[in-house]
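Please read the structure below before turning to the comments.
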Amino acid sequence: MKSLKFWTRTALVPAWVLISMGAFAQDAAAPDPVGNWDVIVDMGGTPLNAALVVNKNDDGSFGGTLKSPLGELALQKVDYKPGEAITFGATIGEGEQAITFSFDGKFTGPDSFEGTLVSPTMGNMPVKATRATGNPLAGVWDILSDSQLGKFERKLVVYKDGTGKYITDADNAISELKVDGANVTFKVTISAQGTELPLTFKGTLAADALNGNFEADGSPMAVVTGTKSKVDIVAAALGKWTFEAETPAGPYSADLTIESATAGKLHAEEGDADLRNIGSDGDKFTYDVSVNYQGQIYDVTFSGVVTGDEMNGDLLMAGAPVATVKCKKAAN
């Protein structure tokens, strides 16, 4: 791969998810169970991904939830030995269709643990977990703000890097976003009747629900309820597109096909390139691709917004924009 300097000078541009785990710690030397965990469950040689949030209750006990396509699952009977072991139970379904699980795990480091998930129905399933580095709040949120001035429908957009915007009549940048287990805080300044109003949000996150308050100078200003937007950004990008990039070396043209949530290609004169890591970040559609340009291969990331028949954004290299991209939906 070429350096970013070279690029800017010459270039173009779950399946079924199951259960998991927790962790542990009270003293400073012990791992802290509170937070978000990326989990891999080995189901007969097939790795399945899950995401777990571990919370500390007001009475000092631990609990948690697991989000999956089956819904939000609450961990049961969480037993924690500081810094060493954790056990819990969980149940999927009800009545005769219910499937019960028990987990017994140990820390392998401050940000990792492993163990075994046991089900009388499905047998023993090895589990490995690492502390999540992503942002569980990332995405688009439909917000209802209820204050003395009335009820207002807003949008909150949060990106994986912790930046974002609170959309009123304008895009207001949020700052100091922190997600600590289920607790969420951030700051934003909005215009209220012509006056700049600095606000602090304090609330809780549970699966696809965000609840809390906006405060100003420590006083409650508005009750906030939010739900994760149901808009499927990847689905909006499916289809065939013309791809036009403006680079420091001049224009670059190609055709783009988004076949599914896991498959796509960039069709260029130099050859086809498979898309990787197709997904979304906040309100943006993203993918990685290795581009052949003048015999050199460049790894780039596309990040852009899909609006009807247009998809516009940037190609990034090492996180920095190196080309502006405009795409148009191709006629069938």
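- Every residue two or more places apart in sequence or in another chain that forms a side-chain contact (heavy atoms from CB on, under 4.5 Å) with Val231 is listed here: Ser229.
- Between Ile143 and Thr225, every side-chain heavy-atom pair lies at or beyond the 4.5 Å cut-off.
- Heavy-atom minimum distance, Lys228 versus Gly139: CE-CA, 3.7 Å.
- Rounded to the nearest 0.5 Å, atoms NZ (Lys128) and CG (Asp42) are 9.0 Å apart.
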Worked verdict on Asp314 versus Thr324 for side-chain contact (heavy atoms from CB on, under 4.5 Å)
CA-CA 5 Å; Asp314 297 297; Thr324 300; 3.8 Å; yes

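- Residues Leu197 and Ala192 come closest through the heavy atom pair CD2-CB, 4.2 Å.
- Contact between Trp241 and Gly308 at its shortest, heavy atoms only, is CH2-O, 3.9 Å.
- Annotation: side chain of Val224 is not in contact with side chain of Asn211 (no heavy-atom distance under 4.5 Å).
- No side-chain donor from either of Ser219 and Asp217 sits under 3.5 Å from a side-chain acceptor of the other.
- To the nearest 0.5 Å, atom OG of residue Ser147 and atom CZ of residue Phe214 are 10.5 Å apart.
- In this structure, the side chains of Thr91 and Gln76 come closer than 4.5 Å at one or more pairs of heavy atoms.
- With rounding to the nearest 0.5 Å, the separation of CG in Leu199 from CD1 in Ile190 is 5.0 Å.
- Among all heavy-atom pairs drawn from Leu238 and Ala261, the shortest one is CD2-N, 4.4 Å.
- Side-chain atoms of Val289 and Val300, non-hydrogen and from C-beta on, do get closer than 4.5 Å to each other.
- For the pair Thr130/Asp38, a side-chain contact is recorded, criterion being any heavy-atom separation below 4.5 Å from C-beta on.
- What you find for Leu156 and Leu210 is that their closest heavy atoms are CD2-CD2, 4.0 Å.
- Residues meeting the side-chain contact (heavy atoms from CB on, under 4.5 Å) test with Asn312, sequence neighbours left out: Glu310, Lys326.
- Distance check: Gln148 CD to Met221 CE gives 7.5 Å after rounding to the nearest 0.5 Å.
- A salt bridge is defined here as a Lys NZ or Arg NE, NH1 or NH2 lying under 4.0 Å from an Asp or Glu carboxylate O, and Lys155 with Asp142 meets this definition.
- Using a 4.5 Å heavy-atom cutoff, the side chains of Tyr287 and Leu256 are in contact.
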In residues 169-178, what donor-acceptor pairs under 3.5 Å come from side-chain atoms, sequence neighbours left out?
from, atom 1, to, atom 2, distance (Å)
Asn172, ND2, Tyr166, O, 2.9
Asn172, ND2, Thr168, OG1, 2.9
Asn172, ND2, Ala170, O, 3.2

Test Glu196 against Thr189 for side chain to side chain donor-acceptor pair (under 3.5 Å), laying out the working first.
CA-CA 7 Å; Glu196 294 295 296; Thr189 298; 5.8 Å; no

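- Of all heavy-atom pairs between Tyr159 and Gly164, the closest is CD1-CA, 4.0 Å.
- Both Ile99 and Met125 belong to a single network of hydrophobic side chains, linked directly or stepwise wherever heavy atoms of I, L, V, M, F, W or Y lie under 4.5 Å apart.
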Could you go through the side-chain contact (heavy atoms from CB on, under 4.5 Å) check for Thr286 and Ser303 one step at a time?
CA-CA 5 Å; Thr286 62; Ser303 177; 4.1 Å; yes

For side-chain contact (heavy atoms from CB on, under 4.5 Å), just list the numbers for Ile258 and Phe285, CA-CA rounded to whole Å, side-chain angles, deciding distance to a tenth of an Å, and then say yes or no.
CA-CA 11 Å; Ile258 312 297; Phe285 175 64; 4.0 Å; yes

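- The side-chain hydrogen bond (donor to acceptor under 3.5 Å, both in side chains) search around Ser191 returns none, not counting sequence neighbours.
- Note: the hydrophobic cluster containing Val157 does not contain Phe302 (ILVMFWY, side chain heavy atoms under 4.5 Å, direct or indirect links).
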Val184 vs Leu205, test: side-chain contact (heavy atoms from CB on, under 4.5 Å). Steps then yes/no.
CA-CA 7 Å; Val184 176; Leu205 173 66; 3.8 Å; yes

Per-pair distances, 0.1 Å, donor-acceptor, side chain in residues 270-281, under 3.5 Å, sequence neighbours excluded:
from, atom 1, to, atom 2, distance (Å)
Asp272, OD1, His267, ND1, 3.3
Asp272, OD2, His267, ND1, 3.4
Asp274, OD1, Lys265, NZ, 2.4
Arg276, NH1, Ser290, OG, 3.0
Asn277, ND2, Asp288, OD2, 2.8
Asp281, OD1, Lys160, N, 2.7

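- The line from CD of Glu153 to CG of Leu144 is 6.5 Å long, rounded to the nearest 0.5 Å.
- Hydrophobic clustering keeps Met311 apart from Val140 (ILVMFWY residues linked when any side-chain heavy atoms are closer than 4.5 Å, directly or through intermediates).
- The distance from the OG1 atom of Thr116 to the NZ atom of Lys106 is 11.0 Å, given to the nearest 0.5 Å.
- Met122 has its side chain within reach of Phe101: a pair of non-hydrogen atoms, C-beta onward, lies under 4.5 Å apart.
- Linking ILVMFWY side-chain heavy atoms closer than 4.5 Å, directly or via other members, places Val188 and Val179 in a single hydrophobic cluster.
- Below 30°, between 30° and 60°, or above 60°: for Phe186 and Phe201 the angle between ring planes is below 30°, a parallel geometry.
- Inter-residue side-chain proximity for Leu316 and Pro321 is flagged as met; some heavy-atom pair is nearer than 4.5 Å.
- At a threshold of 4.0 Å, the pair Lys165-Asp283 counts as salt-bridged, since one of the basic side-chain nitrogens sits closer than that to a carboxylate oxygen.
- Each of Val78, Leu117, Leu75, Val41 was evaluated against Phe103; a single residue qualifies, Leu117, per the side chain to side chain contact (heavy atoms under 4.5 Å, CB included) test.
- Proximity of a side-chain donor or acceptor of Thr257 to a complementary backbone N or O of Glu259 within less than 3.5 Å is not detected.
- Both Val234 and Leu266 sit in one connected hydrophobic cluster of ILVMFWY residues. Membership requires side-chain heavy atoms under 4.5 Å apart, directly or through other members.
- Considering only residues two or more places apart in sequence or on other chains, Glu215 meets the side-chain contact (heavy atoms from CB on, under 4.5 Å) condition with Lys202.
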